[in-house]
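One structure is given here, and the rest of the page talks about it.
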There are 2 protein chains.
Amino acid sequence: MAPGYDNRTSHAARNPELSKERILSAALAEFSAKGFAGARVDAIARRARINKRMLYHYFGDKEVLFREVLRRKISERRTWGVSAPENPRDRLVFWFELACRDREWIQLLEWEALQWGETAVVEEASRKEAANAVLERIRELQAKGTVTSRFPAEQLLLSMMALTTYPLAFPQLTRMLTGYNVSDPEFQKQRAEFLQEFAAAFAGTEKNGREVHDSDC
Amino acid sequence: MAPGYDNRTSHAARNPELSKERILSAALAEFSAKGFAGARVDAIARRARINKRMLYHYFGDKEVLFREVLRRKISERRTWGVSAPENPRDRLVFWFELACRDREWIQLLEWEALQWGETAVVEEASRKEAANAVLERIRELQAKGTVTSRFPAEQLLLSMMALTTYPLAFPQLTRMLTGYNVSDPEFQKQRAEFLQEFAAAFAGTEKNGREVHDSDC
DNA sequence: CAGCCAAGTAACTGCAAAGTTACTGGAATG
DNA sequence: CATTCCAGTAACTTTGCAGTTACTTGGCTG
């Protein structure tokens, strides 16, 4: 607000923006690891190397902070959505690799599902809108015959998300089936190969077979 | 143990077996709804219409109780695995409908994933064994040519589980994509139809196309 | 430099929830 | 019928954690 704040990053100078930032990223780590009920406000404060009081000062309470963390992550994901590869066969792999690099997001979605699954959820309206845009795009491609019209777009998209995300959301099942931890590069390689092959095989079933998959949330 | 216990089910007679049973089913409901950290021991006791002390008497502490609940559910699921339909094209649908009827199981798996995902998990060895039996069976069918050998069995199984389970594990995403709550029969109908169609289409890619999917873990 | 506001802190409060103590009463056994 | 053992209870203690109070410090503004 007032000038002369951010241009001094010295040892322990006051810096509200940085503090908020630190709180949010500490909260992201804590919430994605422990969930809302399991997360500890003190732990977030410690992680952010900040006094707990500041956290309440900036965010009001634990739940507001949680919602804010979700909100930020959602908009962050939104910006990532743009860089999907042109070639539809690589999309599954692309989304899988994106998911691998952002386990926190998957975990947040999982916590969200468990806590608020059947009830309205943070930013639901705008997320729905984003999803609809993607669905519309798939339907266009279906109309053009680029993507099979055999299945409803929603079911297709849901399935793409499932194939790319499920193993990461259930690491224990993946480990029991494959013997690898999902963080093991070997597992990621194998899954990526499978998705590649799968997209190819599936595209093969259609004359002009192509797949789309554009954004999550 | 001693005779003359269970043959009297009168109003409030002592009945340790029944009490344990009630605790376990109350705990299943509470843990699957709220997770480990979110569950309240008092709530479990109230639900089971039993004194909290008995819960500690029989199970030691909250975590032991949680593990016991998981253990029981796992063995219950194991017995369900036998009744899969002969026709492989119906298997996806069968497993999907089974999952719909047992949301608690999916939620428990989800809580488990979040709390202990990368570390060893309850009954891991025996669950792994069960999984391996299924994988072995898929590989046999692959050797016979009944199931495509294009993909590793583990990846196939993981994908089948994903397609059937994912929408139920992430109800908020399903709602944002389809507009239906997952508990809505209309959604279940549509997903089942999709899975049916999908299995048919996919089987079509192979000369002798068939799929298998036998049990979860 | 006086005065003020916002950033920052430590120590506290209150409550909720896990786990315990110390007891009552029922029924099988000799 | 007395002893013993276990199911069952209410009320308590302890702990851990969300949220607060009351204070200090840094720095800009007139």
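In this text, all values refer to a predicted model and were calculated from it rather than measured experimentally. Here is the naming used below: chain letters follow the sequence lines, and residue numbers restart at 1 for every chain.
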Review point. Mapping H57(A) and V41(B) to their closest nucleotides on DNA chain C, which lands nearer the 5' end?
Key: H57(A)
Review point. Whole-Å distance between dA7(C) P and L18(A) CG?
Key: 13 Å
Practice item. Measure from the side-chain heavy atoms of K52(B) and tell me the nearest of dA18(D), dA18(C), dG8(C). Key: dA18(C)
Practice item. Between dG8(C), dA7(D), dT9(D), spot the one nearest the side chain of M54(A), thanks. Key: dG8(C)
Review point. Between I44(B) (CD1) and dA18(C) (P), how many Å, whole number?
Key: 8 Å
Exercise for review: Please tell me which of G60(A) and R49(B) maps to the more 5' nucleotide of DNA chain D, matching each residue to the nucleotide holding its nearest heavy atom.
Suggested key: R49(B)
Practice item. Please check if any side-chain donor atom of T164(B) sits under 3.5 Å from a side-chain acceptor atom of R91(B), or the reverse. Key: no
Exercise for review: Take atom CG of N51(A) and atom P of dA6(C), then tell me their distance rounded to the nearest Å.
Suggested key: 18 Å
Practice item. Just call it for R53(B): base, sugar-phosphate, or nothing, with non-hydrogen atoms closer than 4.0 Å on any strand. Key: base
Point to revise | Check: I23(A) and R47(A) side chains under 4.5 Å, non-hydrogen atoms | key: no
Check your understanding: Taking the side chain of Y56(B) as heavy atoms from C-beta outward, which of dA10(D), dG19(C), dA18(D) is closest to it?
Key -> dG19(C)
Point to revise | S19(B) or D61(A), whichever maps to the more 5' nucleotide of DNA chain D | key: S19(B)
Check your understanding: Nearest of dG8(C), dA7(D), dA18(C) to any side-chain atom of D42(B)?
Key -> dA18(C)
Exercise for review: Return the value, rounded to whole Å, for the distance between atom CZ of F36(B) and atom P of dA17(C).
Suggested key: 14 Å
Check your understanding: If you look at every strand shown and take non-hydrogen atoms under 4.0 Å, does A39(A) touch a base, only sugar-phosphate, or nothing?
Key -> sugar-phosphate
Practice item. Please check if any side-chain donor atom of Q172(A) sits under 3.5 Å from a side-chain acceptor atom of E112(B), or the reverse. Key: yes
Exercise for review: Would you classify A43(A) as touching base, sugar-phosphate or nothing, given that sugar-phosphate means primed atoms plus P, OP1 and OP2, and contacts are heavy atoms under 4.0 Å?
Suggested key: nothing
Review point. What is the distance from CD of E63(A) to P of dA18(D), rounded to the nearest Å?
Key: 13 Å
Practice item. Looking at every strand, decide which applies to Y58(A) at a 4.0 Å heavy-atom threshold: base, sugar-phosphate, or nothing. Key: sugar-phosphate
**Study point:** Length of the CD1-P vector between I23(A) and dG8(C), whole Å
**Key:** 9 Å
Review point. Between atom CZ in R40(B) and atom C1' in dC15(C), what is the gap in whole Å?
Key: 12 Å
Exercise for review: Verify whether one side chain among S159(B) and R191(A) offers a donor that lies under 3.5 Å from an acceptor in the other.
Suggested key: yes
Point to revise | Short N-O contact, R175(A) and E124(B), less than 4.0 angstrom | key: yes
